[in-house]
Amino acid sequence: MPEFVEIRTEPEEEKPELDVPFELLDLNLLKPHEELDPNELEAFIESVTGSGIFWKAALVSKEGYVILDGHHRWAGLKKLNAKVMPCILLDYVNNPEVKVYTWYPFIIGSLNHLIDVLKNIEEIELIYESNKDTVVEKVESMEAAFGLIHSDTNKKFILIAGDDDPYDLQKIIIKHLINDQKIQLGYIDTIKGAEELLVQGKAVAYFVRRAPKKKEIVERASKGKVYPPKTTRHSLPFVPKKIHISLEKLINP
Ligand code: AMP
C-alpha cells in the first residue's frame, strides 16, 4: 500500500448518516479544483481494483460541476478507463450547510533538512517571524503563501512569500516536499491537531495556509486552474451513506 498520511481529528462518526441520492456523471463533465497527491491516487486505485467495488460517491457543485470532494476517485477512475462516477450534486456557493476548510500539511523528519529544502526553492522568500498569531494573520491576508510553525524554541517561525499567486507558490513548495526522500508529508484537518503533533513529537513542523472561499473555488476551476493538493476540505452536516457499485458498471455504464 503506498504511504499516504491523513489525520482527521474531527470525527465524522458523530454526524448522522443520510441516504443521499447520487447520479452517474460523465467524468469529462466534471471540473477538478485541486492537484492530486500521487500517493493518494495510487491508494485509491489499489483499493477499487482490489475489491472491484466503488463505495463513496463524490461531492460535486451544481454550479459549474466542480468536484468538491473526490479528486482522486475521479482521476483514478479516468486512469482505469471508466466513463462515469457516482456523484452527489450540491447547491454550493450560497448553501450554508456546505462548509469549506483546509488541510494543514505537516512534516515528519528533520526540521533543519526541511528548512534547507525551502531555502533552495528559487521562487520563494523566507521571512522569519517570532509571533505565531502574526504568521496566521499574514497567511490569512495572503501576504504569505504558507507559514511554517515548528517546536524548536531556538528558531523563529517562517513566513513563505513570493511574487506568484500564493496558491501557485504552495504548489511549487509541495512538489519539492513530495519529491524529497528524507521527509514525509502528511495532512491534518485542524491547527489544534497539528499543534498536538508537534507536542507529541510526531511531526517536526506544519504549514498554516488560507482556505479559499467557495466563489473563488468555482471561479478558479471554471478557468481550468487548480489549487495545490488537499487545499480544500469540504464538510457537510451529515455523512452520505456508503453506496455499492461495481467498477465494471462505471467502465461500461
Ligand atoms: P478523494 O477522491 O480525493 O476523496 O480521495 C480518495 C478517496 O477514495 C478516499 O477518501 C477514500 O476513502 C476513497 N476510497 C477508497 N477506496 C474506495 C473505493 N473502493 N470506492 C470509493 N471510494 C474509495
Side-chain angles (χ1 to χ4, degrees), residues 1-13 15 17-61 65-90 92 98-105 167 170-171 174 178 185-190 193 209 211-212 214 217 220-221 226-236 238-253:
M1 193 77 173
E3 249 207 292
F4 174 72
V5 185
E6 174 184 302
I7 303 176
R8 223 177 243 282
T9 56
E10 291 186 328
E12 290 278 298
E13 302 84 60
K15 294 181 182 175
E17 210 179 61
L18 273 193
D19 205 350
V20 193
F22 65 87
E23 296 175 34
L24 296 182
L25 294 184
D26 191 318
L27 293 175
N28 294 322
L29 183 70
L30 302 171
K31 291 195 203 82
H33 76 268
E34 273 182 359
E35 280 187 335
L36 303 170
D37 180 295
N39 292 334
E40 190 167 10
L41 179 62
E42 227 179 292
F44 166 72
I45 291 176
E46 273 191 21
S47 159
V48 76
T49 50
S51 67
I53 299 298
F54 187 96
W55 49 262
K56 189 173 174 187
L59 304 179
V60 171
S61 72
Y65 291 105
V66 179
I67 301 168
L68 305 177
D69 185 35
H71 285 88
H72 299 90
R73 281 162 275 173
W74 171 75
L77 288 178
K78 269 198 153 181
K79 245 185 152 171
L80 297 169
N81 290 320
K83 306 281 182 307
V84 295
M85 172 161 74
C87 298
I88 296 170
L89 274 171
L90 297 169
Y92 178 52
V98 188
K99 300 228 169 16
V100 55
Y101 305 99
T102 189
W103 290 95
Y104 300 94
Y167 295 106
Q170 288 183 15
K171 271 192 217 167
I174 286 179
I178 288 175
L185 177 66
Y187 294 91
I188 187 157
D189 57 353
T190 61
R209 62 170 159 185
K214 291 187 207 173
I217 294 168
R220 196 171 172 110
V226 287
Y227 290 100
K230 301 193 77 71
T231 302
T232 68
R233 179 170 68 83
H234 283 91
S235 166
L236 296 174
F238 54 85
V239 178
K241 218 173 174 176
K242 273 191 185 173
I243 59 174
H244 189 96
I245 296 206
S246 73
L247 175 60
E248 176 52 33
K249 180 138 191 256
L250 306 179
I251 295 172
N252 294 305

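Counting starts at 1 for both ligands and their atoms, following the listed order. Positions are given from 1, in the same order as the sequence printed here. All values reported here derive from a predicted model rather than from experimental measurement.
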Considering only the protein, which heavy-atom contact is closest to [atom], and what is its distance?
{"atom": "atom 10 (O) of ligand 1", "value": "K56 NZ, 2.9 Å"}
{"atom": "atom 18 (C) of ligand 1", "value": "W55 NE1, 3.1 Å"}
{"atom": "atom 19 (N) of ligand 1", "value": "I53 O, 2.9 Å"}
{"atom": "atom 5 (O) of ligand 1", "value": "E40 OE2, 3.1 Å"}

Nearest-0.5 Å distance that lies between atom CD1 in I53 and atom CD in E248: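 Rounded to the nearest 0.5 Å, the CD1-CD separation comes to 11.0 Å.
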
Measure the spacing between CZ of F44 and NE2 of H71 and express it to the nearest 0.5 Å.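 The NE2 atom of H71 is 13.5 Å from CZ of F44, to the nearest 0.5 Å.
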
With a 4.5 Å heavy-atom cut-off, do P86 and L250 have their side chains touching?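 P86 reaches L250 side chain to side chain.
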
Answer yes or no: is there a side-chain heavy-atom contact under 4.5 Å between R209 and P105?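 Yes. Closest side-chain heavy atoms under 4.5 Å.
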
Between E6 and R233, does at least one N-O distance fall below 4.0 Å, as a salt bridge requires?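 Salt bridge: no.
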
Taking only residues two or more places apart in sequence, or in another chain, which ones meet V98 in a side-chain contact (heavy atoms from CB on, under 4.5 Å)?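 With neighbours one apart ignored, the set is L90, Y92, N95, K214, H234, L236.
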
Using every non-hydrogen atom in the two residues, find where Y187 and D37 come nearest and quote the distance to one decimal.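 Closest pair (atom of Y187, atom of D37, distance): CE1-OD2, 3.8 Å.
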
Checking contacts here: is it the side chain or the backbone of D69 that comes within 4.0 Å of ligand 1, counting heavy atoms only? Could be both or neither.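 Looking at D69 and ligand 1, just side chain atoms fall under 4.0 Å.
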
Part of F44 with heavy atoms under 4.0 Å of ligand 1, whether side chain, backbone, both or neither: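 The answer is the side chain of F44.
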
Need the ligand 1 atom indices (1-based, order shown) with element for anything under 4.0 Å from a heavy-atom of S47.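 So the atoms of ligand 1 that pass are 15 (C), 16 (N), 17 (C), 18 (C), 19 (N).
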
Can you find an N/O atom of F54 closer than 3.5 Å to an N/O atom of ligand 1?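 N/O-N/O distance under 3.5 Å: no.
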
Heavy-atom distance to atom 4 (O) of ligand 1: which of K242, H72, R73 wins?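 That would be R73.
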
